[in-house]
Visitor: 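One structure coming up, written as structure tokens, with questions to follow.
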Amino acid sequence: MKRMRTRIKELIANGTKGSDYVVSGWVRSLRLSKEIAFIVINDGSDVDGIQVVAESDLANFEQIGRIGTGSALTVEGRLLESPGAGQKWEIHSISITIIGMADGNYPLQKKRHSFEYLRSIAHLRPRTNTFGAIFRLRSKLAQAVHRFFSEQNFLYVQTPIITASDCEGAGELFRVTTLDASNPPLLGCRTDFNQDFFGQKSGLTVSGQLEGELFALAFGDIYTFGPTFRAENSNTARHASEFWMIEPEMAFSDLADDADLAEKFVRYLCRFALEECTDDMAFFDRHIESGLLERIRRVAEADFVRMEYGEAIELLKKSGTTFTYPVDWGVDLQTEHERYITEQIVGGPAFILNYPKNIKAFYMRLNDDDRTVAAMDLLVPKVGEIIGGSQREERLDRLELRMAELGIAQEPLWWYLDSRRWGSCPHAGFGLGFERMLMYLSGMDNIRDVIPFPRTPRHCEF
RNA sequence: UCCCCAUUAGCUCAGUCGGUAGAGCAGGUGACUGUUAAUCACCUUGUCCUUGGUUCGAGUCCGAGAUGGGGAGCCA
């Protein structure tokens, strides 16, 4: 009878000494001698994998000597304590079946590769220790997002990926069209989008916020969690053209409630990573960023600093530091300012609240001072802005005035304005970049290394 | 999009003053009964990113382009 394969993580955690098991995985390391071979195989369930001991009495021992790193094997053998120093357990093989050979051209070697090189072989990098740990964390963390909001009784809403609303400004939207780009139908000298698939210009969503607000005004507390697309020509380690965003929205809530939720959420995710992804987090602490565990532990425990925008400006001015971009009330905070605040002044996560209205979006609620809006950013060391949120303008007249000031057409957003027409109420929400959270938790420096198959300008391979 | 840096063997990199290229790892062959990035011996591998130019002679100097990286802007 064919025995079921046991996942290596499960085997190491709950295996019985002296019992027989079947494990399958990919060869990470081979150490051969005439009479004995040591083969480390990994099946993706944990960082370490398990050492397989093969002795020369195996029928295919000679053949095993010719396999390369990366080969797929199924091993049947006995779980025993390892006399060697590097591992607690090992499997003494009864039989080894070579499932898929890998020859010497296999691009992953038994050594450290640069992340740049591994990006060029993104189809194989999940088989490395680092990317194994990252994508296990990513999977777990996605589940933690749902668990958190489920515990808080938030409704999960799937906002559309294809949309016709282009509220945050044209140019950053990926066009969705079935028209022939080389020969589009014309209306005068311009493309006639009335003849396009949806009868109008459409594109990939840049945010589910506006639709999220509509659901918040029916269900109270809601969140979205899905892919988001930006066609901006951003070439940084923190931007991607396709990324995942978590956007909660709460009715009958103000900016302070919003910050409370954001803080609770971020701390929950930190605690979750420490408790539920212990081995992978320890791996990051060892190999990616020394001191990571301590840093995350502090975030999970300490209260976040809250600072008014005006206060932040004063602190920056008084810092005595010369910035490339001069600081004054009214300017947007540049990366150098944000990093100074979170890294030098605070030394941890910090909310900046109530920004000048002129540097923020139309839907943010105008404060009583008439010059700031109820906006907030959460800044964290290294990554910078991880959350952007606001209390939304619930007063129809103010919203229409603001749209007029910014030259935003009301007609395409008639449905959004309707929400302020009937049963409007104070509400607030934020967007958390899922990949930025992953960077923060893993210590990885580049967003392209926390996305399975990243899309950035000029890169759409795999 | 702007500014800076890089591009040499499959990978990571060295290459002096301008004189036609080298190491470690990987790979191959052999040795080895407990290895841990196994070890030891021997061996193989090059469009020096491309393209113009300077020069008797360019991996090396100059121009242009491509690709990658870092920083900035935009943001999550």
Side-chain angles (χ1 to χ4, degrees), chain A residues 28-40 48-57 61 65-66 68-70 80-87 90 92 102-121 129 168-169 171-172 206-209 225-247 262 323-325 332-339 359-361 375 377-380 383-389 430-440 445-451 456-459:
Chain A
R28 282 292 175 80
S29 164
L30 274 169
R31 291 180 287 275
L32 302 169
S33 57
K34 195 176 183 181
E35 302 291 335
I36 193 165
F38 299 94
I39 309 167
V40 177
D48 294 327
I50 193 155
Q51 171 163 284
V52 172
V53 182
E55 296 193 68
S56 56
D57 55 356
F61 185 77
R66 286 196 299 272
T69 308
L80 292 171
E81 279 179 88
S82 176
Q87 58 284 316
E90 62 187 21
H92 285 247
D103 66 13
N105 294 320
Y106 184 61
L108 288 172
Q109 296 173 11
K110 246 190 323 187
K111 64 167 206 172
R112 201 180 177 86
H113 290 289
S114 67
F115 289 136
E116 291 82 4
Y117 172 66
L118 291 172
R119 259 169 239 154
S120 74
I121 50 166
N129 287 340
E168 297 193 25
E172 61 181 22
V206 296
S207 163
Q209 182 201 313
F225 181 20
T228 306
F229 308 88
R230 305 268 167 100
E232 278 147 5
N233 190 14
S234 295
N235 292 288
T236 82
R238 302 179 302 282
H239 291 85
S241 311
E242 178 180 325
F243 62 99
W244 281 56
M245 194 153 59
I246 299 135
E247 296 179 288
F323 297 104
T324 310
Y325 292 84
D332 203 357
L333 295 178
Q334 305 296 315
T335 299
E336 57 173 343
H337 306 140
E338 293 182 343
R339 291 193 64 151
I359 56 173
K360 289 291 178 184
D377 283 350
L378 179 63
L379 309 178
V380 296
V383 179
E385 185 180 338
I386 200 166
I387 280 179
F430 63 81
L432 175 125
F434 185 55
E435 284 81 7
R436 289 192 180 170
M437 191 68 209
L438 279 167
M439 290 168 73
Y440 187 64
D445 288 328
N446 197 307
I447 197 166
R448 283 165 271 192
D449 296 329
V450 298
I451 299 176
T456 53
R458 298 189 313 283
H459 293 280

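In what follows, chains are A, B, ... by sequence order, proteins preceding strands, each numbered from 1. As the structure is a computational prediction, the values presented were derived from the model and not from experiment.
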Visitor: Under 4.0 Å, heavy atoms only, any strand: does H113(A) hit a base, just the sugar-phosphate, or nothing?
Guide: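 Sugar-phosphate, no base atom in range.
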
Visitor: Distance alone, cut at 3.5 Å: any donor-acceptor contact between the side chains of N129(A) and R28(A)?
Guide: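 There is such a pair (donor and acceptor under 3.5 Å, judged by atom type) between the side chains of N129(A) and R28(A).
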
Visitor: Identify whether any heavy atom of D103(A) sits under 4.0 Å from a base atom; if not, whether one sits that close to sugar-phosphate; answer base, sugar-phosphate or nothing.
Guide: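 The residue D103(A) makes no contact with any strand.
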
Visitor: Check whether the side chains of R31(A) and S29(A) place a donor and an acceptor atom closer than 3.5 Å, and report yes or no.
Guide: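 Their side chains do contain a donor-acceptor pair, which is all the 3.5 Å distance test asks for.
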
Visitor: From the options U33(B), A76(B), G73(B), select the nucleotide whose nearest atom is closest to the side chain of E35(A).
Guide: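 That would be U33(B).
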
Visitor: Can you list the residues that meet the side chain to side chain donor-acceptor pair (under 3.5 Å) rule with T236(A), with sequence neighbours excluded?
Guide: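 With sequence neighbours excluded, T236(A) shows a side chain to side chain donor-acceptor pair (under 3.5 Å) to H239(A), given in chain and number order.
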
Visitor: Examine the base of C74(B) for any acceptor or donor lying under 3.5 Å from a partner atom in the side chain of S234(A), and report the outcome as yes or no.
Guide: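 Yes, a donor-acceptor pair under 3.5 Å.
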
Visitor: Can you see which heavy atom on F61(A) is nearest to which on E35(A), and at what distance?
Guide: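 Heavy atoms of F61(A) and E35(A) come nearest at CZ-C, 3.9 Å.
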
Visitor: In what stems does RNA chain B take part, counting only runs of at least 3 consecutive Watson-Crick or G-U pairs whose two distances fall under 3.5 Å?
Guide: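 Ordered by first number, the stems with RNA chain B (at least 3 consecutive pairs each) read B:1-7 with B:66-72, B:10-13 with B:22-25, B:27-31 with B:39-43, B:49-53 with B:61-65.
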
Visitor: With heavy atoms under 4.0 Å as the rule, sort F434(A) into base, sugar-phosphate or nothing.
Guide: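 F434(A): no heavy atom of the nucleic acid under 4.0 Å.
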
Visitor: List in chain and number order the residues that pass side chain to side chain donor-acceptor pair (under 3.5 Å) with E81(A), two or more places apart in sequence or in another chain; answer none if no residue qualifies.
Guide: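 Counting only residues at least two positions away or on another chain, E81(A) forms a side chain to side chain donor-acceptor pair (under 3.5 Å) with K17(A).
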
Visitor: Tell me which nucleotide among C75(B), G73(B), U12(B) gets nearest to the side chain of H239(A).
Guide: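 Side chain of H239(A) sits closest to C75(B).
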
Visitor: Could you tell me whether R66(A) and D103(A) have a side-chain N and a carboxylate O separated by less than 4.0 Å?
Guide: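 Salt bridge: no.
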
Visitor: Looking across every strand, which nucleic acid part, if any, lies under 4.0 Å from A240(A) by heavy atom: base, sugar-phosphate, or nothing?
Guide: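 Touches a base.
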
Visitor: Return yes if a side-chain donor-acceptor contact under 3.5 Å exists between Q109(A) and T69(A), otherwise no.
Guide: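 Their side chains do not contain a donor-acceptor pair, so the 3.5 Å distance test is not met.
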
Visitor: Measure distances between side-chain N and O atoms of Q109(A) and base N and O atoms of G27(B), and say whether any donor-acceptor pair falls under 3.5 Å.
Guide: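 Such a pair does not exist between side chain and base.
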
Visitor: On RNA chain B, check which nucleotide each of S114(A) and I447(A) is closest to and give me the residue with the more 5' one.
Guide: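 Closest to the 5' end, via its nearest nucleotide, is S114(A).
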
Visitor: Write down the protein N/O and nucleotide N/O pairs, taken from nucleotides 44-49 of chain B, whose separation is under 3.5 Å; answer none if there are no such pairs.
Guide:
none

Visitor: What string of B, S and - do you get for nucleotides 34-40 of chain B, 5' to 3', if B is base contact, S is sugar-phosphate-only contact and - is no contact with any protein heavy atom under 4.0 Å?
Guide: BBB-B--

Visitor: If we only count heavy atoms from C-beta on, is the E385(A) to T335(A) side-chain gap below 4.5 Å?
Guide: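 Not touching, per the 4.5 Å side-chain cut-off.
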
Visitor: Can you tell me which nucleotide in C74(B), U33(B), U1(B) comes closest to the side chain of N233(A)?
Guide: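 Closest of the options to the side chain of N233(A): U1(B).
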
Visitor: Between protein and nucleotides 65-68 of chain B, what N or O pairs are separated by less than 3.5 Å?
Guide:
residue : atom : partner : partner atom : Å
G68(B)  : OP1  : H459(A) : NE2          : 2.4
G68(B)  : OP2  : R458(A) : NH2          : 3.4

